[in-house]
**Student:** 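Below: one structure in structure tokens.
First the proteins, then the strands, lettered A, B, ... as listed; each starts at 1. Every value quoted in this text rests on a predicted model; they were computed, and no experiment measured them. Worth knowing before you read on, the calculation uses all heavy atoms, side chains too, and leaves out hydrogens, waters and symmetry mates.
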Amino acid sequence: NAGVTQTPKFQVLKTGQSMTLQCAQDMNHNSMYWYRQDPGMGLRLIYYSASEGTTDKGEVPNGYNVSRLNKREFSLRLESAAPSQTSVYFCASSEARTSGRTDTQYFGPGTRLTVL
Amino acid sequence: GQQVMQIPQYQHVQEGEDFTTYCNSSTTLSNIQWYKQRPGGHPVFLIQLVKSGEVKKQKRLTFQFGEAKKNSSLHITATQTTDVGTYFCAAYNNNDMRFGAGTRLTVKP
């Protein structure tokens with residue numbers, strides 16, 4: 001099993017360009033997440049999908065959109081990239097995310113994005 | 001909203017010394033998780049604490065959850081160079097979850 005995979009590993013964009021980060025998991029998990037990691041700020045949740053067909057905003061959703069394509073795949077789109085979106089992006093998955101229940105999150109290798 | 005403070009931000013130790021990182025929440029938590037991220041890597045789950053006052057051990061690592069379920073600690077006894085990395089807590093309050101900023105541990109051989 002590959003676990004959680006992300007593409008691309010690295011990306012450089014110019015301000016205003018758009019792109020989609022791809023994430024897939026092969027663990028049959030219901031829930032998937034997108035985080036950004038900036039120096040000294042830990043991991044901040046952008047969006048999550050508790051189950052196929054649902055998505056919800058996290059702590060820092062502005063400037064991003066997501067699509068839960070199917071149970072395996074959860075993509076993150078930057079419509080008009082800004083330098084403030086330079087960060088490392090991690091996708092994660094877990095068996096389930098429901099009120100009162102938390103599961104181990106399995107993280108992908110990350111995408112290093114630079115916006116010039 | 002929930003605020004999670006993790007201290008210290010950095011810790012540099014000599015190999016063989018002990019290390020402790022603390023995670024403090026502004027609200028009572030339902031549970032807390034700890035993750036480790038090696039340099040250049042991704043976060044990897046270590047443990048989850050659920051009960052008030054809970055203590056769990058994994059070899060040289062000891063995890064504690066405070067009686068009031070507002071704080072937690074991770075203690076490493078006799079650090080080794082393989083312990084290098086950033087340790088994060090993930091604090092859960094009902095359906096809200098926040099990661100601490102992490103404690104970056106470096107170990108001098």
**Student:** Hey, does the side chain of A/T114 reach the backbone of A/V12 with a donor-acceptor pair shorter than 3.5 angstrom?
**Tutor:**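 Here the side-chain-to-backbone pair does not exist.
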**Student:** What part of A/R44 lies closer than 4.5 angstrom to a heavy atom of chain B: side chain, backbone, both or neither?
**Tutor:** neither
**Student:** What part of B/Y10 gets closer than 4.5 Å to chain A, counting heavy atoms only: side chain, backbone, both or neither?
**Tutor:** neither
**Student:** Checking B/Q6 against chain A: side chain, backbone, both or neither under 4.5 Å from a heavy atom?
**Tutor:**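 When you check distances to chain A, no heavy atom of B/Q6 falls under 4.5 Å.
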**Student:** Can you get from B/V4 to B/L49 by hopping between Ile, Leu, Val, Met, Phe, Trp and Tyr side chains that sit under 4.5 Å apart?
**Tutor:**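 No, because B/V4 and B/L49 fall into different hydrophobic clusters, even though each may have its own neighbours under 4.5 Å.
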**Student:** Tell me which one of B/T79, B/D18, B/D83 satisfies side-chain hydrogen bond (donor to acceptor under 3.5 Å, both in side chains) with B/R60.
**Tutor:** B/D83
**Student:** Looking at A/F74 versus A/Y47, is the centre-to-centre ring distance below 6.0 Å?
**Tutor:**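 No.
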